[in-house]
Amino acid sequence: DGGITQSPKYLFRKEGQNVTLSCEQNLNHDAMYWYRQDPGQGLRLIYYSQIVNDFQKGDIAEGYSVSREKKESFPLTVTSAQKNPTAFYLCASSILQAGGYVADTQYFGPGTRLTVL
Amino acid sequence: EDQVTQSPEALRLQEGESSSLNCSYTVSGLRGLFWYRQDPGKGPEFLFTLYSAGEEKEKERLKATLTKKESFLHITAPKPEDSATYLCAVQAGNQFYFGTGTSLTVIP
């Protein structure tokens, strides 16, 4: 079955610690995204990537970093610089249309809940 | 400022009581409008994509419609298993804007 997997499902971070969230897709999608979801707020974009070895900052990139070494994988690192990292993190992917420039429907993974201890 | 607003924030229905959820948007250059269902602690599950005003799509008890300023998600004769948060998102260019969702509870 094609889909998006995220791991772990739950993650706990101590103060001053960096943690990495995994996102893998086997949909052959070019574009991948990371969102943060907080209660009462819409999804907020952290980073996105439309091609291997290239990515762009979203609205709330501070304190986060990503890499895109393979088309299938888009890991997110939450660094110690992120002061309020407790949230539900969602990875998504989409095809690109219009010659590879415009994204289409996003499909989401199951999410990772990060809690700061 | 581009914005997506969903209403109501919460909706309680008796089983079988049909209703509609609203998603209004102010983005310019709409490329697509998306509806998702999200269960607690899970990722959003894709339901529909609508691309142009007048378009309608159906899936089981759900029907999504689109005008130039808003979209409706109609739920016909809902069942308790339809209880979830329904998210709306719009795409302008390569930007996606999400609403805060409508929490639907269907009471048996």
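Quick note: numbers below take in every heavy atom, side chains included, and nothing from hydrogens, waters or symmetry partners. Proteins get letters first, then strands, A, B, ... in listed order; numbering begins at 1 in each.
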Any donor-acceptor N/O pair, B:Glu55 side chain to B:Tyr51 backbone, under 3.5 Å
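It does hold such a pair.
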Side chain, backbone, both or neither: which part of B:Glu45 has a non-hydrogen atom closer than 4.5 Å to chain A?
neither
Let me see the working for A:Arg68 and A:Asp54 under salt bridge (Lys or Arg N to Asp or Glu O under 4.0 Å), right down to the final yes or no.
CA-CA 7 Å; A:Arg68 186 90 187 272; A:Asp54 188 45; over 6 Å; no
Between A:Gln6 and chain B, with a heavy-atom cut-off of 4.5 Å, which part of the residue counts as in contact: side chain, backbone, both or neither?
neither
Contacting moiety of A:Leu45, where chain B heavy atoms sit under 4.5 Å
neither
Within the 6.0 Å centroid threshold, strictly below: B:Tyr36 and A:Phe108:
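Here the rings of A:Phe108 and B:Tyr36 have centres that are less than 6.0 Å from each other.
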Is the centre of the B:Phe98 ring less than 6.0 Å from the centre of the A:Tyr35 ring?
yes
